[in-house]
Number of protein chains: 2
Amino acid sequence: MNEEPQDEVDRLVAAWRAERPDLDVEPLQVLSRVSRLAKHLDRARRAAFAEHALEPWEFDVLTALRRAGKPYELSPGALIRATLVTSGTMTNRIDRLAQAGLVRRRPDPEDRRGVLVSLTESGLARVDAAFAGLLRREHDLLAGLPLTDQRTLSALLRTLLTPFDS
Amino acid sequence: MNEEPQDEVDRLVAAWRAERPDLDVEPLQVLSRVSRLAKHLDRARRAAFAEHALEPWEFDVLTALRRAGKPYELSPGALIRATLVTSGTMTNRIDRLAQAGLVRRRPDPEDRRGVLVSLTESGLARVDAAFAGLLRREHDLLAGLPLTDQRTLSALLRTLLTPFDS
DNA sequence: GTGTACTGTCTTGACATCGAGATACATATC
DNA sequence: GATATGTATCTCGATGTCAAGACAGTACAC
C-alpha cells in the first residue's frame with residue numbers, strides 16, 4: 001500500500017494525503033495525470049512542428065481543413081467547433097494563416113453572413129509534412145506501452161470524454 | 001471493426017483514415033484524447049475556482065505552497081518546478097498574489113540571491129476551500145468510471161508520464 | 001410581410017504567458 | 001583569493017488567447 005512514487009503525481013498525492021488526510025484525493029490520480037501529460041505533449045508537439053516552421057495553433061487549423069477532404073474547405077464556425085477556441089481567436093488565426101499564404105478566404109455563396117476558408121497548395125503540403133512528423137513522434141512516445149494497453153487506455157479515456165462531446 | 005463513433009476523437013480518427021489511409025494514426029486514439037480531455041478539464045476547473053474568486057493560475061501556486069506543509073513556504077524556483085511555468089511567469093504570478101494578499105515574499109536568510117514565498121492566513125483559507133470544491137467536481141467527473149477502471153487508467157497514464165518526470 | 005430572436009463573423013481591450021537577457025550572488029577550481 | 005562557471009530571480013517586449021459586444025444577415029412566428 002505504500003509504494004515508491006514513480007512520477008510527480010505520485011509525489012503530489014502523497015503530499016496531499018500527509019497534509020489533508022481527511023480528503024479523498026483519489027480523483028487526482030487520474031485527472032492530474034491527464035493535465036500534466038497534456039502539458040508535456042504540448043511541448044513535444046511544439047518541437048515537432050518547429051521542424052516544419054509551424055506553430056501548434058497553425059497546425060490545429062490546417063489539420064481541421066485537411067481532414068475535411070477535398071476541397072479542404074470549412075467555415076470559421078466549423079473550425080471553431082473543431083479546435084475549441086473562441087471566435088475572436090479563430091478570426092485572428094485565419095488572418096495570419098491567410099497572410100502566410102497557407103489558407104484562403106472567400107464569401108459563402110449560400111449564406112451572405114458566412115465565409116469559407118480553404119487550404120492553399122502550400123498549406124496542404126505543409127500540413128501533410130507536419131502531420132507525418134507528428135505521428136512519428138507520437139508513435140515513439142507510446143513505444144513503452146503495448147498495443148493492448150494503448151487500446152485499454154483509449155477506451156477508458158473515451159468514457160471520460162464522451163459526456164463533453166455530446 | 002467499424003463501430004459507431006462515440007466521441008470527437010473517434011470522428012477525427014475516422015476522418016484521417018479516409019483521407020490518409022497510408023498513415024498509422026493509432027497514436028491519436030490515446031494522445032488526442034489526452035489533449036482534448038485536458039482542455040475540457042481546464043474549463044471545468046476554471047468554473048470550480050470561480051466560486052472562490054480564484055483563477056486557475058492562482059490555484060496552481062497556492063496549492064503548491066499548501067502541499068508543502070507548515071510553514072507553507074517555498075522558493076520561486078521550487079514553485080516553477082511544481083507548476084511547469086517559466087521564471088518570468090512565476091515572478092509575475094507571485095507579484096499579483098502578493099498584491100492580493102494571498103502570499104508573502106521574504107528574503108531567504110540562507111541564500112542572498114533567493115526569496116521565500118509563503119501563504120498568508122487568507123491564502124490558506126482560500127486554497128483549502130477551493131481545493132475541496134475541486135475534488136467534489138472531479139469526483140463527479142469520474143463518477144462514470146468504476147474505481148478499478150480508474151486505477152487501471154492512472155497506472156497506464158503513469159507509464160506515459162514517468163519518462164517526462166525523471 | 002413584419003417583428004423578433006437567432007446565427008456567423010469580426011473588433012476591441014485586457015491579460016497571462018513565454019523567451020531572452022540582465023543582475024546579483026554562490027560555488028568550484030586553481 | 002581570483003577567476004570562471006553556475007544558480008536564483010527579475011525585467012522587458014512580443015504574442016496568442018479570451019470575453020464581450022458590434023454588426024450583418026437569416027429564420028421563424030404570427
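We name chains A, B, ... by the order of the sequence lines, and we start the count at 1 in each one.
Per the geometry, CZ belonging to Arg105(A) stands 17 Å off P belonging to dG8(C), to the nearest Å. Put simply, CZ on Arg106(B) is 13 Å from P on dT9(D), counting in whole angstrom units. Distance Ile94(B) CD1 to dT17(C) P: 12 Å, rounded to the nearest Å. Rounded to whole Å, atom P of dC15(C) lies 11 Å from atom CH2 of Trp57(B). The separation between Asn92(B) atom CG and dA14(D) atom P is 17 Å, rounded to whole Å. One interatomic measurement links the two molecules: CG of Asp108(A) to P of dT7(C), which rounds to 17 Å at whole-angstrom precision. Between Leu74(A) atom CG and dG8(C) atom P the separation is 14 Å, expressed in whole Å. For Ile80(A) and dC10(C), the CD1 to C1' distance is 10 Å, given to the nearest whole Å.
Between Glu58(B) and Arg126(B) there is no salt bridge, since no side-chain N of the basic residue sits under 4.0 Å from a carboxylate O of the acidic one.
The 5' end of DNA chain D is approached more closely, in terms of each residue's nearest nucleotide, by Thr91(B) than by the other of Lys39(B) and Thr91(B).
With values rounded to the nearest 0.5 angstrom, His52(B) atom NE2 is found 12.0 Å from Phe131(B) atom CZ. Here the straight-line distance linking atom CG of Asp60(B) with atom CZ of Phe49(B) works out to 7.0 Å at 0.5 Å rounding. Summarising the geometry, atom NE2 belonging to His40(B) is positioned 11.5 Å from atom CG belonging to Leu160(A); distances are rounded to the nearest 0.5 Å.
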Salt bridge (Lys or Arg N to Asp or Glu O under 4.0 Å) between Arg158(A) and Glu8(B): does it pass, once the steps are laid out?
CA-CA 9 Å; Arg158(A) 184 191 289 112; Glu8(B) 272 302 309; over 6 Å; no
Test salt bridge (Lys or Arg N to Asp or Glu O under 4.0 Å) on Glu73(B) and Arg104(B); report intermediate values, then the result.
CA-CA 9 Å; Glu73(B) 187 166 59; Arg104(B) 211 187 332 266; over 6 Å; no
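For Thr89(B), no side-chain nitrogen or oxygen approaches OP1 or OP2 of dT17(C) to under 4.0 Å. For Arg93(B) and dT17(C), the shortest distance from a side-chain N or O to OP1 or OP2 is below 4.0 Å. Distances shown here put every side-chain N or O of Arg46(A) at or beyond 4.0 Å from the OP1 or OP2 atom of dG16(D).
Each end of the helix from dG1(C)-dC30(D) to dC30(C)-dG1(D) gets its own rotation axis from five pairs of C1' atoms, and the angle between them is 30° to the nearest 10 degrees.
For the residue pair Ser32(A)/Ser35(A), the side-chain donor-acceptor check at 3.5 Å is not satisfied.
The environment of CZ in Arg17(B) is crowded: more than 12 heavy-atom neighbours from other residues, nucleotides or ligands sit within 6.0 Å. Counted within 6.0 Å of CZ on Arg105(A), heavy atoms from surrounding residues, nucleotides or ligands total more than 12; the atom is thus considered enclosed.
You'll find that the side chain of Asp95(B) is closest to dT11(D), out of dC18(C), dT9(D), dT11(D). Proximity note for Thr86(B) (side chain, C-beta onward) versus dC10(D), dA19(D), dC18(C): the nearest is dC18(C).
Annotation: cation-pi geometry satisfied between Arg96(A) and Trp57(A) (NZ/CZ under 6.0 angstrom from ring centroid, within 45° of ring axis).
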Atom pairs under 3.5 Å: protein N/O with N/O of nucleotides 20-26 of chain C:
| unit_1 | atom_1 | unit_2 | atom_2 | d |
| --- | --- | --- | --- | --- |
| dA26(C) | OP1 | Arg112(B) | N | 3.2 |

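As judged by a 4.0 angstrom heavy-atom cut-off over every strand, Arg96(A) is placed among residues touching the sugar-phosphate backbone only.
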